[in-house]
Amino acid sequence: CMLFFFFKQKTAYEIAQRLVGSEMCIRDRYQRRVHGIQGNMLLDLVIAAADTQSQAGAQAFFGFFGVTSALVFANLGSAYGTAKSGIGISSVGICKPEVIMKSLVPVVMAGILGIYGLIMSVIIIQKIGDGVNYNYQKAFSHMSAGLCCGLSSLAAGYAIGVAGDAGVRANARQSQVFVGMILILIFGEAIGLYGLIVSIILAQQQSANPRTHLENTLFIKKKKKKKKK
């Protein structure tokens, strides 16, 4: 009898629980629709705000990567050009010390490449600022600007170093080579200058969409809701 009573009570409880659950679903269906809309909007705001904070860090990463690229690659080109030309100047200075001042031209022109990277880095840092309204278009533009300036200066530094080393050694033997060496170095320097000009243009690009990531997220969600209706 006790087993039958226990089984009967358990079955009745399970059936009653199912019935109550079904009644609650039917009864509260309308209330869930009303409160669900408000809850979804609040949830969208929270998710979009959290997503905005994470996206802001990602966007700033690309901008600061452009700063690093401009300065590091430009300094690499400047260092290589200075070191390579300095080797030739040191070798020539032993035999003909009177041509050392004329031989310093490649070193000066290689040093200017580092200034290109410094200028571009400062410009990009000022454009990034505190990261407010900094979107992916600006971030990619600044990254490409830094790469243009840095890699162009790196190529120019390599050209100046190789041409400067050979030109200094040739100038020590034949003074008429000096004018030709200067022209070669000028056109090698122009490679870095081209990259600087394009980088400045890229850094001045304005975003076509001034909305923040939060505003874009909410705008897209509103459009999706309108399409469903």
Side-chain angles (χ1 to χ4, degrees), residues 59-129 134 138-205:
Q59 293 161 4
F61 168 79
F62 292 105
F64 287 115
F65 180 76
V67 175
T68 305
S69 301
L71 189 61
V72 170
F73 288 129
N75 285 337
L76 283 174
S78 178
Y80 180 82
T82 302
K84 188 70 173 175
S85 301
I87 294 172
I89 294 171
S90 300
S91 299
V92 169
I94 297 174
C95 300
K96 290 188 175 182
E98 64 273 8
V99 298
I100 291 179
M101 294 306 296
K102 286 185 178 181
S103 302
L104 289 176
V105 176
V107 176
V108 174
M109 299 186 76
I112 295 174
L113 298 174
I115 299 175
Y116 292 166
L118 177 63
I119 293 171
M120 202 64 245
S121 299
V122 172
I123 292 174
I124 297 175
I125 290 173
Q126 290 178 348
K127 293 292 182 180
I128 295 174
Y134 191 71
K138 293 181 180 179
F140 292 148
S141 177
H142 294 161
M143 183 183 69
S144 60
L147 288 173
C148 284
C149 180
L151 294 177
S152 297
S153 298
L154 179 62
Y158 182 81
I160 290 173
V162 174
D165 184 17
V168 165
R169 296 176 189 273
N171 183 53
R173 296 183 179 183
Q174 179 57 258
S175 61
Q176 294 181 357
V177 179
F178 181 75
V179 177
M181 180 188 71
I182 295 298
L183 290 175
I184 294 171
L185 294 175
I186 288 173
F187 285 104
E189 182 79 18
I191 298 173
L193 185 61
Y194 299 155
L196 177 64
I197 293 171
V198 175
S199 299
I200 292 175
I201 295 173
L202 286 171
Q204 300 299 327
Q205 291 291 325

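If you read the sequence from its start, that first residue is 1, and numbering goes on from there. Values below: all heavy atoms of this structure, side chains included; hydrogens, waters and symmetry mates excluded.
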Handout entry: Atom pair NE2 (His142) and CD (Gln204), whose distance is rounded to the nearest 0.5 Å
Key = 8.0 Å
Problem - Which residues share a salt bridge (Lys or Arg N to Asp or Glu O under 4.0 Å) with Arg169, sequence neighbours left out - result: Asp165
Exercise for the section: Starting at CG of Leu151, measure out to CG of Leu76 and round the result to the nearest 0.5 Å. Expected result: 10.0 Å
Exercise for the section: Please collect all ring-ring contact (aromatic ring centres under 6.0 Å, His included) contacts where either partner lies in residues 71-114, sequence neighbours excluded, each pair once. Expected result: Tyr80-Tyr158
Practice task
Quick one: closest heavy-atom pair of Ala156 and Gly188, and the distance?
Solution key: CB-O, 3.2 Å
Problem - For Leu147 against Ser69, the heavy-atom pair lying closest together - result: CD2-OG, 3.5 Å
Practice task
Measure across Tyr134 and Gly63 and return the closest heavy-atom pair with its distance rounded to 0.1 Å.
Solution key: OH-CA, 3.3 Å
Practice task
Would you confirm whether Ser85, through its side chain, and Thr82, through its main-chain N or O, come within 3.5 Å as a donor-acceptor pair?
Solution key: no
Practice task
Enter the distance from Tyr116:OH to Ile197:CD1 here, rounded to the nearest 0.5 Å.
Solution key: 8.5 Å
Practice task
Hey, could you give me the CG/CD1 distance between Leu71 and Ile119, rounded to the nearest 0.5 Å?
Solution key: 11.5 Å
Fill in the blank from the handout: The ring pair (Phe, Tyr, Trp, His ring centres under 6.0 Å) partners of Phe64 (sequence neighbours excluded) come to none
Handout entry: Nearest non-hydrogen partners of Ser199 and Met120, listed with the distance
Key = CB-SD, 3.2 Å
Problem - Nearest atoms (heavy-atom pairs only) where Cys148 meets Val198 - result: SG-CG1, 4.4 Å
Problem - Straight-line distance of Ser78 OG to Ile115 CD1, nearest 0.5 Å - result: 8.5 Å
Practice task
Using atom types as modelled and distance alone, determine if a side-chain donor or acceptor of Ser141 lies under 3.5 Å from a backbone N or O of Leu202.
Solution key: yes
Problem - All side chain to side chain contact (heavy atoms under 4.5 Å, CB included) counterparts of Ile125, not counting sequence neighbours - result: Val67
Problem - Nearest heavy-atom neighbours spanning Lys127 and Ala203 - result: CE-O, 3.7 Å
Handout entry: Beyond-backbone contact of Glu189 with Leu185, side-chain heavy atoms, under 4.5 angstrom
Key = no
Problem - SG-CD1 distance between Cys149 and Ile200, expressed to the nearest 0.5 angstrom - result: 8.0 Å
Exercise for the section: Look at the side chain of Asn171 and the backbone N and O of Gly167, then say whether any donor-acceptor pair between them is shorter than 3.5 Å. Expected result: no
Practice task
Apply ring pair (Phe, Tyr, Trp, His ring centres under 6.0 Å) to Tyr194 and list each qualifying residue two or more places apart in sequence or on a separate chain.
Solution key: none
Show every donor-acceptor pair shorter than 3.5 Å between a side-chain atom in residues 93-114 and any protein atom, with sequence neighbours excluded, or say none if there are none.
from	atom 1	to	atom 2	distance (Å)
Lys96	NZ	Ala172	O	2.5
Ser103	OG	Val99	O	2.7

